[in-house]
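Here is the structure we will look at.
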2 protein chains.
Amino acid sequence: MDNAPLYLRIAADLEAEIASGVLKAEEKIDSERALSERLGVSRMTARQALRHLIGKGLVETRTGQGTFVSSRQIEQRLETLSGFTEEITRQGRQASSIIVSSITRRADEQTARALSLPATGMVHCLTRVRFVDGMPVALETTEIIASRAPHLLERADFRTTSLYATLTDEYGIVPTLAEQTLMAGLADANIARTLHTDPGAPVLDLTRLTRDQDGSPFEFVRSTYRGDFFVMKVDLSLGARTQA
Amino acid sequence: MDNAPLYLRIAADLEAEIASGVLKAEEKIDSERALSERLGVSRMTARQALRHLIGKGLVETRTGQGTFVSSRQIEQRLETLSGFTEEITRQGRQASSIIVSSITRRADEQTARALSLPATGMVHCLTRVRFVDGMPVALETTEIIASRAPHLLERADFRTTSLYATLTDEYGIVPTLAEQTLMAGLADANIARTLHTDPGAPVLDLTRLTRDQDGSPFEFVRSTYRGDFFVMKVDLSLGARTQA
DNA sequence: GCTCTGTAGTGGTATATACCACTCACTTTG
DNA sequence: CAAAGTGAGTGGTATATACCACTACAGAGC
């Protein structure tokens, strides 16, 4: 966070004040002009920090009045971010995996874009087949920004060791937020062979971008799950608006 | 739109070009500098128009390369209980639907079990084909406990009227919580014909059990989405339960 | 008391300018 | 021929300035 853009550092400071309770819900924040003067930055920079917090749903603006801490942070209920192993064992099943490949290499285009890496960026690339009760159910490729976790792949045996636990303990990277997308797909020959199913069988293609405690993305995951085995469950809450 | 802010008018023009197909998916848009010069506005104004389109998910930027039209996949956010129409229009697309059938009948076994109904329980059954930009993308069957909303189906034209709005206004039923499951599947002959795709094409099968403000389930929805158009997005955080 | 009306302060919009890191195609160099 | 370097173009950030519409509030006028 030291060399992050100025507006993000300002936003982070304000976010910390909100989280710590210094700034309370519905309370008025310094105006854009007051902020810029107090911090010695231009008004546009202060404004950009506030826009960032609006995007996070932490504050809201009222023209002619000011900027206020948003009141309904509690309504931002998100789904859990837990690892494959934790989720499976919680259901009383046996989780295991085998490592298909484990290398450090240049990020491909999709990965670099997702992780906001330059085209020359290096990633640790870990491809595993996931098993539940001895049955192969998913092929998963995890890519982690190499510079964030030097020599990660030599640190532990990730057939048995939790990737997230290692990241947290050894590198201080705490998985905090993630954006996950799911789409329907069909098994190709490679997937069919790996997951012991037939080409053309339904699969769930899943991608996940994981962020650390500072909001910086560090991991990009692509998984393919057997469609006849996995069901994704989500709890929804009413977001104040509706239509059907 | 005549006296709207300049950047919104520019954004609307670009949006129209994307919608009409003049600008195609993955195609490169004028750079910020080129846009500003062509339109005779400052670069920051052109940039603000583009940021607005990014917010709608219509374009994406790649530093050092340019700004590109997003692939035309439709993103449905999974974790907010917002309606199909709202989610689509938020992305600057045209949502519509046609009614396949609209009857009140005995609940089938799966529905009765989901809604905790006796075997003789009656449900209002509304089957619709959902369209986005004139293209069929989903087949959806909504079943609502008949005794909770007498004569619901005669109350309004649900091609144009929001189902949830009617439930709230006329019957005091407020959709509050829902449990949603998602699985990969294949289009059968009927689905393929309805959604203008091929049998065996990937689809997303979705079911939802919706509860009112008292926690009582009142609605059971079964939907099938075209897998090549729809992507489901979920935001995850550390600290709850759920999934897989 | 009441309404009206400035006026100061707020966020919203718009311009102009500048520098940075990055990408990519091209040229130079060995 | 391959590797290294150059430069134009791109989005990202930051500053400074200006005017607008809107809100709240104090004070004038009735």
Side-chain angles (χ1 to χ4, degrees), chain A residues 1-14 23 26-55 57-70 106-123 145 147 215-217, chain B residues 1-14 23 26-55 58-70:
Chain A
M1 199 46 108
D2 297 337
N3 47 13
L6 183 51
Y7 79 95
L8 285 180
R9 299 204 300 268
I10 296 171
D13 287 347
L14 290 171
L23 295 173
E26 291 303 321
E27 197 164 314
K28 193 163 176 292
I29 292 186
D30 278 353
S31 74
E32 293 175 354
R33 287 172 181 80
L35 247 187
S36 69
E37 194 171 350
R38 175 161 70 84
L39 300 176
V41 302
S42 75
R43 183 190 155 203
M44 289 303 284
T45 300
R47 178 178 171 80
Q48 198 171 2
L50 292 174
R51 304 306 298 192
H52 188 254
L53 293 180
I54 290 174
L58 290 174
V59 304
E60 56 191 51
T61 58
R62 297 171 206 158
T63 302
Q65 298 184 42
T67 304
F68 301 82
V69 178
S70 186
R106 289 260 294 272
D108 62 33
E109 192 189 351
Q110 185 190 11
T111 306
R113 198 180 308 157
L115 291 172
S116 300
L117 279 181
T120 58
M122 301 294 287
V123 290
I145 298 178
S147 59
S216 305
Chain B
M1 198 48 97
D2 297 338
N3 48 11
L6 182 52
Y7 80 95
L8 285 181
R9 298 205 300 269
I10 295 172
D13 287 347
L14 290 171
L23 295 173
E26 295 301 322
E27 198 164 311
K28 194 162 174 292
I29 292 186
D30 278 354
S31 74
E32 295 176 354
R33 288 171 180 82
L35 246 187
S36 70
E37 193 172 348
R38 177 161 68 85
L39 301 177
V41 302
S42 75
R43 183 187 156 203
M44 290 303 285
T45 300
R47 179 178 171 79
Q48 197 171 2
L50 291 175
R51 304 307 297 191
H52 187 253
L53 293 181
I54 290 174
L58 291 175
V59 304
E60 58 191 49
T61 58
R62 296 172 207 160
T63 302
Q65 294 179 248
T67 304
F68 300 81
V69 179
S70 296

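Residue numbering restarts at 1 for every chain, and letters A, B, ... go by the order of the sequence lines.
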Heavy atoms only: give me the nearest A:Pro118-A:Ala112 pair and the separation to one decimal.
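Closest pair (atom of A:Pro118, atom of A:Ala112, distance): O-CB, 4.3 Å.
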At their closest point, which heavy atom of A:Leu53 faces which heavy atom of A:Ala11, and how far apart are they?
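In this case the closest contact between A:Leu53 and A:Ala11 is CD2-O, 3.7 Å.
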Pick base, sugar-phosphate or nothing for B:Ile10, based on heavy-atom distances below 4.0 Å to the nucleic acid.
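Nothing, no nucleic acid heavy atom in range.
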Which residue, A:Gly40 or A:Gln65, contacts DNA chain D at a nucleotide closer to its 5' end, judged by nearest heavy atom?
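Nearer the 5' end of the strand: A:Gly40.
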B:Arg62 or A:Thr63: which one's nearest nucleotide on DNA chain D is closer to the 5' end?
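Result of the comparison: B:Arg62.
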Can you check side chain to side chain contact (heavy atoms under 4.5 Å, CB included) on A:Arg113 and B:Glu60, steps first, answer last?
CA-CA 10 Å; A:Arg113 198 180 308 157; B:Glu60 58 191 49; 3.9 Å; yes
Judged by each residue's nearest nucleotide on DNA chain C, which is more toward the 5′ side, A:Leu50 or A:Met44?
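Counting from the 5' end, the first nearest nucleotide belongs to A:Leu50.
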By nearest nucleotide on DNA chain C, pick out whichever of A:Arg51 and B:Arg33 is the more 5' one.
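Going by which nucleotide is closer to the 5' end, it is A:Arg51.
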With sequence neighbours excluded, residues passing side-chain contact (heavy atoms from CB on, under 4.5 Å) with B:Thr45:
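Listed in chain order: B:Leu6, B:Tyr7, B:Ile10, B:Val41, B:Ser42.
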Less than 4.0 angstrom from a charged side-chain N to a carboxylate O is my criterion; do A:Glu37 and A:Arg33 meet it?
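No, no charged N to carboxylate O under 4.0 Å.
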Charged N-O contact under 4.0 Å between A:Arg38 and A:Glu32:
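Salt bridge: no.
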Boundaries of the DNA chain D segment in contact with chain A, non-hydrogen, under 4.0 Å
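Extent of the interface on DNA chain D: D:dT13 to D:dA24.
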